[in-house]
2 protein chains.
Amino acid sequence: MAKTTTPNHAGAARQRGVTMNDVAKHAGVSRTAVSFVLSNRENASISEETRTRIYEAVHALGYRPNAGARALASQRSDWYGIVTEIVTAPFAVNIIKGAQDQAWLDRKFLLIAPSDQADAVGPNQGMEDAATEKLLEQRVEGLLYAATFHRGVHVPESTKEVPTVLINCFDADGKLPSIVPDERAGGRVAVERLLQAGHRRIGVINLDPQIPAAIGRLEGAREALAEAGLELDPELVVPGYATADGGYEAACRILDRYPQEDRPTALFCLNDRMAMGAYDAIKERGLTIPGDIAVIGFDNQELIAAYLRPKLTTVALPFEKMGALGVQTLAALTAGQPIVADQQLVGCPLLERSSV
Amino acid sequence: MAKTTTPNHAGAARQRGVTMNDVAKHAGVSRTAVSFVLSNRENASISEETRTRIYEAVHALGYRPNAGARALASQRSDWYGIVTEIVTAPFAVNIIKGAQDQAWLDRKFLLIAPSDQADAVGPNQGMEDAATEKLLEQRVEGLLYAATFHRGVHVPESTKEVPTVLINCFDADGKLPSIVPDERAGGRVAVERLLQAGHRRIGVINLDPQIPAAIGRLEGAREALAEAGLELDPELVVPGYATADGGYEAACRILDRYPQEDRPTALFCLNDRMAMGAYDAIKERGLTIPGDIAVIGFDNQELIAAYLRPKLTTVALPFEKMGALGVQTLAALTAGQPIVADQQLVGCPLLERSSV
DNA sequence: GCCGTTTGGTAACGCGCGTTACTTGCGTTA
DNA sequence: TAACGCAAGTAACGCGCGTTACCAAACGGC
């Protein structure tokens with residue numbers, strides 16, 4: 001355990017870092033003066049000359065503030081924490097990106113703590129609790145919880161000690177503020193797009209009908225149809241597993257069920273993976289997209305939607321925006337401001353590509 | 001700016017947290033005793049009775065150690081930092097997952113700092129420098145740099161102050177230790193698999209021939225062929241953009257160029273996105289996979305490989321393992337142990353699915 | 001010549017904790 | 001009985017910094 005210099009980096013720089021005291025000495029002033037200048041306090045009176053002397057010393061010595069010590073003294077850490085299963089199941093990484101970018105803008109640091117993928121019923125409380133605990137030990141000023149897919153969750157008790165915002169999920173018991181996608185509006189815009197293209201008979205490949213995504217998107221679809229004086233034919237709504245295979249099978253069923261003149265001319269797939277399977281079913285039958293059958297997806301999973309041929313028109317889940325909004329909401333909360341609403345809906349924009 | 005309680009959480013818990021002093025008072029002992037017990041020092045002599053009294057007090061008061069203060073006093077933060085563009089371009093997210101899980105195991109905290117996607121030549125030094133600086137202000141004990149795709153990078157100067165390991169990239173100037181995929185072995189195993197299936201004429205859809213991935217994978221392919229007494233026909237290696245469209249076009253060219261008897265019976269696509277396009281080209285020509293043409297990919301982008309029909313046999317990039325190995329290497333480095341090698345190659349396992 | 005005010009600073013405390021050096025009481029041994 | 005050793009703890013310093021209270025000199029007004 002001999003604490004020798006590691007082979008990897010210049011040993012010299014490794015000793016106890018340079019502190020404010022060193023800077024003060026080098027500049028020939030008190031440490032207080034240095035502190036005042038570096039945190040540029042408005043009501044501090046330091047002459048322009050010593051100011052520059054201090055800056056020079058900082059530069060000369062390569063001084064770097066110690067964030068931990070600062071946090072300890074000032075009683076604010078400038079940290080937010082996010083507990084998420086997203087890193088485990090990277091579908092919604094952009095939530096992290098959005099949150100992190102926004103935090104960076106606000107000069108906050110986002111601590112990311114991993115959580116196992118939790119199932120909708122009883123999340124793996126063990127790991128989540130541990131993660132939350134760790135974050136609280138770091139004295140984060142606020143907490144975010146993010147899920148990979150829109151659903152209800154139960155958050156650890158300790159959450160109560162600090163402002164908390166949920167992203168892409170909602171609090172099944174209490175009433176923590178949450179940011180979720182506006183599934184209904186998304187479903188609506190998808191079907192409106194199909195109607196606008198002249199389609200009147202639209203097949204829907206559904207998800208598990210219990211989950212918020214399915215409920216909302218279908219509701220939106222119904223609304224759009226109603227406005228056009230149409231109804232959603234229950235026969236045209238077929239469920240499938242949320243995979244490409246599931247989409248393939250569902251599409252086969254729906255396409256083979258009717259004679260050509262009754263066949264739907266468009267498919268609304270409730271996610272892009274299923275759309276991917278639907279593509280295969282359509283192509284297999286010698287039909288073209290969008291000529292014979294138009295397809296519209298949901299989620300905008302870039303890797304699929306942007307690379308399918310033809311590229312898939314779809315409705316995007318606003319992950320990045322949700323992340324950013326989460327941080328903004330948290331900032332408001334920690335500042336003691338009232339929040340806008342308990343549940344904020346974020347719009348799901350239509351992304352036009354080539355399948356409609 | 002009135003510091004009222006936020007509407008969101010019980011105001012009571014918000015006051016200055018409970019400290020070791022409170023615990024000590026509650027248990028009727030000195031703070032030192034509490035410290036000794038909580039960090040269970042081996043050579044401290046505390047009776048079993050006071051021990052339990054202290055634990056009871058901890059529990060009763062809901063004491064939670066202050067990580068920042070501990071770091072300050074003990075001069076070790078238990079933090080590693082990772083600077084990465086991965087969150088921006090989520091292709092290689094599993095690097096983060098691997099690193100984070102390993103760090104969690106080691107009871108370290110991984111601070112993730114975002115960096116803009118950097119191009120191969122001159123990275124956006126501004127943002128990387130700022131991110132690195134931020135991490136050093138947190139007094140991280142070590143630094144990781146991770147790239148979304150295997151390439152050379154330039155890291156900020158300040159990196160020298162702390163042990164540093166590169167993941168999925170290598171140091172273009174100096175000689176920082178790095179963890180990279182074994183592209184050559186990966187290319188080899190892919191082609192070996194095709195040979196084993198009886199293919200003798202193998203088309204290769206290449207990437208930009210300059211990048212390490214292309215160089216290594218092609219080299220591996222050549223080796224595998226040589227061992228079977230075959231040569232890599234340069235005519236059968238066609239470059240393409242690293243997209244589905246690029247793969248589609250390349251596959252068309254290669255398939256249409258020869259009469260049926262001379263046509264390659266297998267395609268090695270140097271990434272899965274291009275394989276996705278190749279699928280279309282093959283199907284369009286009425287050929288089946290793998291009956292008429294076998295396809296093997298590279299990267300194992302789950303979203304594509306696991307959902308293509310038939311599912312794509314491919315070679316996986318070991319992102320998660322690289323992340324974990326990066327943290328392990330960093331741990332060794334910070335402990336002053338010598339590192340195994342400057343460059344560690346991580347194997348790329350073959351994932352059998354149904355396209356060969 | 002005296003007092004009040006501004007300018008330009010400094011001394012000292014405390015944030016929560018790790019750690020070292022020291023103290024006290026008690027059973028053992030010579 | 002004195003010297004000794006050990007178990008069981010405690011007092012006090014310092015980590016790097018924010019912050020409050022205080023001080024000395026210069027200056028202006030009457």
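The figures that follow rest on heavy atoms only: side chains count, while hydrogens, waters and symmetry mates do not. The sequence lines fix the lettering, A, B, ..., with proteins before strands; numbering per chain opens at 1. Quantities reported herein were computed from a predicted structural model and do not represent experimental measurements.
Distance, A:M20 CE to C:dT10 C1': 15 Å, rounded to whole Å. The distance between atom CD of A:E137 and atom C1' of C:dC17, rounded to the nearest whole Å, is 13 Å. A:D78 has its CG atom 15 Å from the P atom of D:dC17, to the nearest Å. Rounded to whole angstrom, the span from the CG atom of B:L38 across to the P atom of C:dG18 amounts to 8 Å. If you take CG of A:L61 and C1' of D:dG16, they are 15 Å apart, rounded to a whole angstrom. Counting to the nearest Å, the P atom of D:dG16 and the CZ atom of B:R70 are 18 Å from each other. Residue A:E42 contributes atom CD, which lies 14 Å from atom C1' of D:dT19 at whole-angstrom precision. In this structure, CG of A:N66 is placed 6 Å from C1' of D:dG16, rounded to the nearest angstrom.
Between the side chain of B:S45 and the base of D:dA8, a donor-acceptor pair under 3.5 Å is found. Judged by atom type and distance alone, B:R31 reaches the base of C:dG18 through a side-chain donor-acceptor pair under 3.5 Å. For A:T19 and D:dG16, a side-chain-to-base donor-acceptor distance below 3.5 Å is absent, hydrogens and geometry of angles not being considered.
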Practice task
Evaluate the side chain to side chain contact (heavy atoms under 4.5 Å, CB included) criterion for residues A:F109 and B:L111: first the C-alpha distance (whole Å), next the side-chain angles of each, then the deciding distance (0.1 Å), finally the verdict.
Solution key: CA-CA 9 Å; A:F109 211 104; B:L111 262 42; 3.7 Å; yes
Practice task
Take A:D171 and A:K175 through the salt bridge (charged side-chain N to carboxylate O under 4.0 Å, His left out) test and state the conclusion after the steps.
Solution key: CA-CA 6 Å; A:D171 190 3; A:K175 34 177 32 173; over 6 Å; no
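Nearest-nucleotide assignment on DNA chain D puts the 5′-proximal partner with B:I46, out of A:R64 and B:I46.
Here the nucleotide nearest the side chain of A:Y63, chosen from D:dC17, C:dT20, D:dA8, is D:dC17. Set against C:dC15, D:dT10, C:dC17, the side chain of B:A73 has C:dC17 as its closest nucleotide. Checking D:dT10, C:dC15, D:dG9 against every side-chain atom of A:Q75, the shortest atom distance belongs to C:dC15. Ranking D:dT19, C:dG8, C:dC17 by closeness to the A:R41 side chain, first place goes to D:dT19. Side chain of A:S47, nearest nucleotide from C:dG9, D:dG16, D:dT10: C:dG9. Comparing D:dG16, D:dG9, C:dG18 by their nearest atom to the side chain of A:L72 picks out D:dG16. Set against C:dC17, D:dG16, D:dT20, the side chain of A:F36 has D:dT20 as its closest nucleotide.
In this structure, a donor-acceptor pair under 3.5 Å is absent between the side chains of A:T334 and A:E141.
At least one side-chain nitrogen or oxygen of B:S30 sits closer than 4.0 Å to the OP1 or OP2 atom of D:dT10. Not one side-chain nitrogen or oxygen of A:T32 sits closer than 4.0 Å to the OP1 or OP2 atom of C:dA12.
The backbone N or O of B:S35 lies less than 3.5 Å from a partner atom in the side chain of B:S39, making a donor-acceptor pair. A:Q138 contributes no side-chain N or O that, together with a main-chain N or O of B:G68, makes up a donor-acceptor pair within less than 3.5 Å. For A:R139 (side chain) and A:S77 (main-chain N/O), no donor-acceptor pair under 3.5 Å exists by modelled atom type.
Across all strands shown, A:T50 has heavy atoms under 4.0 Å from sugar-phosphate atoms exclusively, and none from any base.
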